[in-house]
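We number each residue from 1, following the sequence as shown. All values reported here derive from a predicted model rather than from experimental measurement.
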Amino acid sequence: MGNVQPPSLPQHDKQIQSRHQKLEIARENYQLEQKTFGLTNIEQREVNVVNIPPMLRKLPKEEQWSFSSLMKFALRYLFYFLYQRVFQCCHCGGWTIRQMINHFRSSCILKEPKGCEVWRTEFVNNPNQTPIQKAQTDHWFAWQRLNGVTRNLIKLATEIPQQFGPFVEAIENDHQYLGGKSLKSHIQDKTLFVVDLADVSFNEPSLLSPIALFVTYNNLLMPVAIRIDPGNPNNNEVFMPPQLGSDSTDKLREWVKGRMWFNMLDAQYHESVTHLGFTHLLMEGISACMHRNISERHPIYELMLPHFRYMHFINELATKELIEPGGYVDRDMYFGQRNMMKLIAKHNERWSFEEDGSIERNFRMRGVMDIPGYFFRDDALQLLDVIQKFVHEYVTNYYKDDQEVLQDQEIQAFRAEVIAPRSLTGVGGCGMLSVPEFDSIANVVTVLANFIYICSVEHSATNFPQYEQYAFPPNMPAILNGQPELETGVHELDVAMPTGQQFFSTIKIMMVLTTITTNSLGNYESVYLNAMDSAGRRIVQKFQQNLIEVRDNINQRNSSIENSVHQINEYPYDWLLPANVRNSISI
């Protein structure tokens, strides 16, 4: 960083010329570019690559990982690469679900992922599964919508989705989680919710377009019905939990299949939108704009820099190894690279700070402030509140009033480039919509706090549960084989399972992607603390104290869950304990 001067606003800097000179160098080093990700010219037009968040043209040397982080990552990657090679060679054909369970249970290296534990302990797809075990796995499926890797799609149903219109009577007939009430009654009571994954089909009939209904039942979220392919006029299949008293193994297996295929499509949305597109790529442009427009002597630069640590390096590595043609996405995910980039572009075209960048507003817009068991919501809002207080105290220590914000040419230039249109030719910006004017301290705090939230809380909740969710394919498959309507019979779930190569490739990737390379939230590395003045360091210490209170609240909640006695157990959620939240998108 090389900054030995105390932080100052540009209008107060007595060495403004040297400040400008360093900014010119930064603009040269941090140039924005619309990447094409190895797509052909025709594919670029189909994807509309100009709507993908921009990235750095070239990685500056100061963005490289430290030697220790690089070695930690490389050794972890090598270990699981060898693990993949050994075990897929031992069994290179198809793997059954039972073989996967046995592999995790017998491994002295791999921790059993949560998805496998639930499947195994609740006897999923076993003829001797009890009614309580069936309900428990149904709740796990619903819990994933609230606290799994994709947590920002569920919304209040204000009408019966048209995809379920022809099936209302069948759904309501002895449905074990509707409590004898109609779907319309649940809509009136605001207890019916929907997760619509139609975006993954791009309105193309050849792609699956899943949608699911959920209801609150005995203060728990439970599934009501799933349609996997409603856009296909020849497929009128609707998946539902078996009716009360049903002991049909065929109907139970069909229901398990519906949940499994829904999760597979959810996985495509998660990795494209929730994860890559709107943490990694979205924040890459924000970081570049900061470096290009805000001096390293600016207090805002010192506030934000820890939250961009190692992000540019991991993004470049991910682009080469995972995203470009022939990488993990093409080989081992249902979607493939072209569809992934197409979905990101589609969402980024309409992504706005006001509706999507503000998590609290997003919760309210989706009507989900009252869903029980939405622990991600509860913990995320606690952390956002603490981050906002931290940013407010920090910012007001340097800006004495709103006029100083208006006079700050660097912060104004930063916002201008963030909202400037993206461009395939020449110089463009991030094209971010509805970023509030920087005409007040309050607006600056709102924007910066939510950027920090995305880099830390949102990414951590999206990234670090991946092994627990994806490593056991029946729980959250990255890819399934065949077509859901064509596979039938007692072996239909096994037939759909990924190959051994795909199974172990996913384990390797998910173990690597959960490598810890940076400090936990608020626990800044010394290089950042040393660049701050004493006031800044004091404010950071207060931030750390407030995070301890959040930790205690989450631990108390989880303890009460673990000690409660119900027929259907709730699952604790600890991914947003401050110690589990990283400062930056570093992996």
- [ ] Could you tell me whether the side chain of I211 reaches within less than 4.5 Å of the side chain of P161, counting heavy atoms only?
- [x] yes
Open item on the list: For the backbone of M510 and the side chain of T514, can you confirm whether one donor and one acceptor N or O come within less than 3.5 Å of each other?
Closed with: yes
Task: Lys/Arg N to Asp/Glu carboxylate O, R366 vs D356, below 4.0 Å - done: no
Task: Step-by-step side chain to side chain contact (heavy atoms under 4.5 Å, CB included) determination, N126 to Q133 - done: CA-CA 10 Å; N126 189 295; Q133 288 175 320; over 6 Å; no
- [ ] Output yes when D138 and R259 qualify as a salt bridge under the 4.0 Å nitrogen-oxygen rule, no when they do not.
- [x] yes
- [ ] Given side chain to side chain contact (heavy atoms under 4.5 Å, CB included), test L208 with V200 step by step and report yes or no.
- [x] CA-CA 7 Å; L208 301 174; V200 300; over 6 Å; no
Task: Distance flag, aromatic centroids of F239 and W255, threshold under 6.0 Å - done: no
Task: Ion pair check, K35 and E33, cut-off under 4.0 Å - done: yes
Task: Donor-acceptor pair, side chain of N481 and main chain of M497, under 3.5 angstrom - done: yes
TODO: Side-chain contact test, heavy atoms from C-beta onward, threshold under 4.5 Å: evaluate it for F472 versus P474 and give yes or no.
DONE: yes
- [ ] Could you check if a side-chain atom of F167 sits within less than 4.5 angstrom of a side-chain atom of N236, using non-hydrogen atoms only?
- [x] yes
Open item on the list: I need the single residue from Y573, F376, Y374, F375 that forms a side-chain contact (heavy atoms from CB on, under 4.5 Å) with L146. Which is it?
Closed with: Y374
TODO: Please determine which of Q469, Q466, E468 meets the side-chain contact (heavy atoms from CB on, under 4.5 Å) test together with P113.
DONE: E468
TODO: Considering only NZ, NE, NH1 and NH2 on the basic side and carboxylate oxygens on the acidic side, decide whether R120 and E117 come within less than 4.0 Å.
DONE: no
TODO: State, with a plain yes or no, whether a side-chain heavy atom of I454 is found less than 4.5 Å away from one of H307.
DONE: no
Open item on the list: Is the shortest side-chain heavy-atom distance between E458 and F278 below 4.5 Å?
Closed with: no
Task: Side-chain donor/acceptor of N29 to backbone N/O of P60, under 3.5 Å - done: no
- [ ] Identify the heavy atoms of Q34 and I52 that sit nearest to each other, and give their distance.
- [x] NE2-O, 2.8 Å
Task: Heavy-atom check, side chain of F37 versus side chain of M55, under 4.5 Å - done: yes
Task: Chi angles and distances behind the ring pair (Phe, Tyr, Trp, His ring centres under 6.0 Å) call for H270, Y470 - done: CA-CA 11 Å; H270 162 251; Y470 281 102; 5.7 Å; yes
- [ ] Assess whether ring pair (Phe, Tyr, Trp, His ring centres under 6.0 Å) is satisfied between W575 and F464, documenting all intermediate values.
- [x] CA-CA 8 Å; W575 289 108; F464 291 105; 7.4 Å; no
Open item on the list: Any heavy-atom pair between the side chains of H139 and Y217 that's under 4.5 Å?
Closed with: no
- [ ] Answer yes when R422 and E349 have at least one side-chain N-carboxylate O distance shorter than 4.0 Å, and no when they do not.
- [x] no
- [ ] With sequence neighbours excluded, tell me which residues meet salt bridge (charged side-chain N to carboxylate O under 4.0 Å, His left out) with E46.
- [x] R338, K342
Open item on the list: ring pair (Phe, Tyr, Trp, His ring centres under 6.0 Å), that's the test. Do H103 and F504 meet it? Break it down for me.
Closed with: CA-CA 11 Å; H103 181 79; F504 286 105; 5.1 Å; yes
Task: Minimum heavy-atom distance L39-Q44, with the two atoms named - done: O-NE2, 3.0 Å
Task: Under-4.0 Å salt bridge between E254 and K251 - done: no
Open item on the list: Could you report the tightest heavy-atom contact between K257 and P484, atom names first, then the distance?
Closed with: NZ-O, 2.6 Å
Task: Cation over ring face, R377 and F363, 6.0 Å, 45° - done: no
Task: Residues E122 and K134 bridged, charged N to O under 4.0 Å - done: no
Open item on the list: Return the OG to NE2 distance between S287 and H312, rounded to the nearest 0.5 Å.
Closed with: 2.5 Å
Open item on the list: If we count only N and O atoms by modelled type, under 3.5 Å, do the side chains of Y310 and S66 hold a donor and an acceptor together?
Closed with: yes
Open item on the list: Check for me whether R145 meets the cation-pi criterion with F141, that is, NZ or CZ under 6.0 Å from the six-membered ring centre and within 45 degrees of the ring axis.
Closed with: yes
Open item on the list: Can you confirm whether or not the ring centre of H347 sits under 6.0 Å from the ring centre of Y269?
Closed with: yes
Task: Heavy-atom side-chain proximity of F73 to L317 below 4.5 angstrom - done: yes
Task: From CA spacing to verdict: side chain to side chain donor-acceptor pair (under 3.5 Å), W140, N475 - done: CA-CA 10 Å; W140 171 252; N475 178 68; 2.8 Å; yes
